[in-house]
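First the structure, in the form of structure tokens, and then the observations on it.
Reckoned from all heavy atoms, side chains included, excluding hydrogens, waters and symmetry mates.
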Amino acid sequence: MSKKTKHIDPIPDEFSSYAETAEFWDSHDTTDYPDSFEDVKVEAELRKRHYELEVDEDLMKALRQQAKTLGVPVSRLASDLLRRQIPSAS
């Protein structure tokens, strides 16, 4: 049983556009180019957590409408409303 050698195209020195870059990487696997990348140290700090709540449909519609009227994201309006109802969360 013989193993086929996988043909790996070289990475172009430059790409003429983001679209050309995307097209190349859509059809190539970065794991085929281990020497072309370097490890980087990243420090990240999560500042917000996201939670999922079930909300009645009519209430969600009203919340969206009020958020749109106020020009704020629905999540911010919901947090503000809950904070007013649950003062110990402040």
TODO: Could you identify which residues cluster with Leu46, counting Ile, Leu, Val, Met, Phe, Trp and Tyr as linked when any side-chain heavy atoms lie under 4.5 Å apart, either directly or through a chain of such contacts?
DONE: none
TODO: Would you give the length of the straight line joining atom CG of Asp80 to atom CD of Gln85, rounded to the nearest 0.5 angstrom?
DONE: 12.0 Å
Acceptor/donor pairs from residues 14-29 side chains to any protein atom, 3.5 angstrom cut, sequence neighbours excluded:
{"residue": "Ser16", "atom": "OG", "partner": "Glu20", "partner atom": "OE1", "Å": "2.4"}
{"residue": "Ser17", "atom": "OG", "partner": "Ala19", "partner atom": "N", "Å": "3.4"}
{"residue": "Ser17", "atom": "OG", "partner": "Glu20", "partner atom": "N", "Å": "3.0"}
{"residue": "Glu20", "atom": "OE1", "partner": "Ser16", "partner atom": "N", "Å": "2.7"}
{"residue": "Thr21", "atom": "OG1", "partner": "Ser17", "partner atom": "O", "Å": "3.0"}
{"residue": "Ser27", "atom": "OG", "partner": "Glu23", "partner atom": "O", "Å": "3.2"}
{"residue": "Ser27", "atom": "OG", "partner": "Phe24", "partner atom": "O", "Å": "3.1"}
{"residue": "His28", "atom": "ND1", "partner": "Phe24", "partner atom": "O", "Å": "2.6"}
{"residue": "His28", "atom": "NE2", "partner": "Asp9", "partner atom": "OD2", "Å": "2.9"}
{"residue": "Asp29", "atom": "OD1", "partner": "Thr31", "partner atom": "N", "Å": "2.9"}
{"residue": "Asp29", "atom": "OD1", "partner": "Thr31", "partner atom": "OG1", "Å": "2.8"}
{"residue": "Asp29", "atom": "OD2", "partner": "Thr31", "partner atom": "OG1", "Å": "3.0"}

Task: Separation between CD of Glu43 and CD of Glu45, rounded to the nearest 0.5 Å - done: 10.0 Å
Can you give the donor-acceptor pairs under 3.5 Å from side chains of residues 71-79 to other protein atoms, not counting sequence neighbours?
{"residue": "Ser79", "atom": "OG", "partner": "Ser75", "partner atom": "O", "Å": "3.2"}

Open item on the list: Tell me every residue that passes salt bridge (Lys or Arg N to Asp or Glu O under 4.0 Å) with Asp32, counting only those two or more places apart in sequence or in another chain.
Closed with: Lys6
TODO: List in chain and number order the residues that pass salt bridge (Lys or Arg N to Asp or Glu O under 4.0 Å) with Lys61, two or more places apart in sequence or in another chain; answer none if no residue qualifies.
DONE: Glu57
TODO: Mind checking side-chain contact (heavy atoms from CB on, under 4.5 Å) for Arg49 and listing every partner two or more places apart, or none if nothing turns up?
DONE: Tyr51
Open item on the list: When you group the ILVMFWY residues by side-chain heavy-atom contacts below 4.5 Å and let the links chain together, are Ile86 and Leu81 in the same group?
Closed with: no
Open item on the list: Quick one, Met60 and Asp56 - any side-chain contact, counting heavy atoms below 4.5 Å?
Closed with: no
